[in-house]
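All values below come from the heavy atoms of this structure, side chains included, with hydrogens, waters and symmetry mates left out. Lettering of chains follows the sequences in order, A, B, ..., and the numbering in each one begins at 1. Source: prediction; values computed, not measured.
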Protein chains: 2
Amino acid sequence: MDNHKLFNKLITFTNAVYRVTEELTKEAKPNVLTQIQFDILDFIARNQPVTLSEICDCTHLSMPNASRELRKLGENDLIEKKSDVDDRRKQYIYMTSSGEKMIEDAYKLIKVNFDNRIKDISKEDLDEINYAIDKLQSKFYFDR
Amino acid sequence: MDNHKLFNKLITFTNAVYRVTEELTKEAKPNVLTQIQFDILDFIARNQPVTLSEICDCTHLSMPNASRELRKLGENDLIEKKSDVDDRRKQYIYMTSSGEKMIEDAYKLIKVNFDNRIKDISKEDLDEINYAIDKLQSKFYFDR
DNA sequence: CTCAATAGTTATCTTTTGATAATAAAATCA
DNA sequence: TGATTTTATTATCAAAAGATAACTATTGAG
């Protein structure tokens, strides 16, 4: 197995992941939000509390643009900001309960799509899938 | 292993795939193209010859918008259209040699990033990665 | 205290992307 | 043959996203 074959296999695999992910997440985004707004909300949901700077680092948005989108999320009562007591320049961003609910509902729909996709897969194959994900996550898709 | 655990694992895994893919493809897109134009060019590269309708089906672009972006690719001499002899409504879209070169160069850069990422991974682990990708591709990320 | 750095906001402009209507030409159907 | 469908284009308009400059407020360093 040379690197080139593995490389090409990874390209094909990545395309498949993107295609299936799109199928699973299709229609999960609420219409009141743009894709970027939903991505930001999702990022906050899994990392809260976060600062605006952290959002910018992780989403490649500039501060002004991230600030603008965050303002819209705030206007929709999906997030709220609280000033840091120690450093009053910083704003810690939290989900509101309606923000939490919006993300929960989105994931519920994704879960339905997921259940539908695996409904005909045998227990043994699911175990293999589980094992393979662990392998890839630890051996290749790790942080650094 | 219940479905919920596997579901959550998949979400985390998908995020990791997206993050690493972005790292590997970073700066591969030529500045003369927008992301969508590059995606279309990449799609043509791996499926040529294609028709405009096929591009629309696979990229969720409307015909007018896809036609517009395709015109720009044509103006940059990256693709060319040839009418179908049997059905003269249809246009088969091909890469030009400079289009091919642009895609090749992009993948060369991605390959460099890939080689850099796996340079410290042992032969045994690479075999495991290879095996795990095959498993996931056939058991979960299949077409249908 | 002064000055630079950090965190964030507001305003503005441009580019990109998305949506829709109107059109043309060729093919198919009845 | 005439009506309908398919394939694609052009022209607009609107919305989303990206880029930049100017600004405020706070903190930290010397």
Review point. Separation of A:Ile79 atom CD1 from C:dG8 atom P, in whole Å?
Key: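 To the nearest whole Å, that distance equals 12 Å.
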Exercise for review: Not counting sequence neighbours, which residues clear side chain to side chain contact (heavy atoms under 4.5 Å, CB included) with B:Cys58? List them please.
Suggested key: B:Phe43
Review point. Sequence neighbours excluded, which residues qualify as ring pair (Phe, Tyr, Trp, His ring centres under 6.0 Å) partners of B:Phe38?
Key: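 Scan of B:Phe38 (ring pair (Phe, Tyr, Trp, His ring centres under 6.0 Å), adjacent residues dropped) gives none.
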Review point. What is the distance, rounded to the nearest whole Å, between atom CG of B:Leu73 and atom C1' of C:dT17?
Key: 15 Å
Review point. OP1, OP2 of D:dT9 versus side-chain N and O of B:Lys81: anything below 4.0 Å?
Key: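 Yes, within the criterion.
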Check your understanding: Side-chain donor-acceptor pair under 3.5 Å between A:Asn65 and A:Glu69, yes or no?
Key -> no
Exercise for review: Could you check how far CD of B:Gln91 sits from C1' of C:dA24, rounded to whole Å?
Suggested key: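 Distance, rounded to whole Å: 13 Å.
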Check your understanding: What string of B, S and - do you get for nucleotides 25-30 of chain C, 5' to 3', if B is base contact, S is sugar-phosphate-only contact and - is no contact with any protein heavy atom under 4.0 Å?
Key -> -BS---
Review point. Is it true that a side-chain atom of B:Lys29 and a backbone atom of B:Leu33 form a donor plus acceptor pair closer than 3.5 Å?
Key: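 Yes: the side chain of B:Lys29 pairs with the backbone of B:Leu33.
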Review point. Using the ring of each side chain (for Trp, its six-membered ring), is B:Phe13 parallel, tilted or perpendicular to B:Tyr141, with breaks at 30° and 60°?
Key: tilted
Check your understanding: What integer distance in Å separates B:Glu54:CD from D:dT7:C1'?
Key ->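 Atom-to-atom, B:Glu54 to D:dT7, this comes out as 12 Å.
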Exercise for review: Return the nearest nucleotide to the side chain of A:Lys90; candidates are C:dA7, C:dT9, D:dT10.
Suggested key: C:dA7
Point to revise | Integer-rounded Å distance: D:dA25 P and A:Leu52 CG | key: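 Nearest whole value for this atom pair: 18 Å.
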**Study point:** Separation of C:dT16 C1' from B:Arg71 CZ (nearest whole Å)
**Key:**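 B:Arg71 atom CZ is separated from C:dT16 atom C1' by 14 Å.
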**Study point:** Note: B:Arg46-B:Asp42 ion pair, threshold 4.0 Å (strictly below)
**Key:** yes
Check your understanding: Whole Å only: how far is the CG atom of B:Asn31 from the P atom of C:dT15?
Key ->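 The answer, rounded to whole Å, is 15 Å.
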Check your understanding: Mind checking what makes side-chain hydrogen bond (donor to acceptor under 3.5 Å, both in side chains) contact with B:Glu22, not counting sequence neighbours?
Key ->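 With sequence neighbours excluded, B:Glu22 shows a side-chain hydrogen bond (donor to acceptor under 3.5 Å, both in side chains) to A:His60, given in chain and number order.
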**Study point:** Partners passing side-chain hydrogen bond (donor to acceptor under 3.5 Å, both in side chains) against A:Glu75 (at least two apart in sequence or in another chain)
**Key:** A:Arg71
Review point. Under 4.0 Å between a side-chain N/O of A:Ser53 and OP1 or OP2 of C:dG8, yes or no?
Key: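 Indeed, a polar side-chain atom of A:Ser53 lies that close.
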Check your understanding: What nucleotide, of C:dA7, C:dT10, D:dT10, holds the atom closest to the side chain of A:Met63?
Key -> C:dA7
Exercise for review: Determine the interplanar angle of the B:Tyr107 and A:Phe7 rings, folded into 0 to 90°, and report it as parallel if under 30°, tilted if 30 to 60°, perpendicular if over 60°.
Suggested key: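 B:Tyr107 and A:Phe7: perpendicular rings.
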For nucleotides 15-18 of chain D, list the nitrogen or oxygen atoms of the protein found under 3.5 Å from its nitrogen or oxygen atoms, one pair per line.
from: D:dA17; atom 1: OP2; to: A:Thr34; atom 2: OG1; distance (Å): 2.8
from: D:dG18; atom 1: N7; to: A:Arg68; atom 2: NH2; distance (Å): 3.1
from: D:dG18; atom 1: O6; to: A:Arg68; atom 2: NH1; distance (Å): 3.0

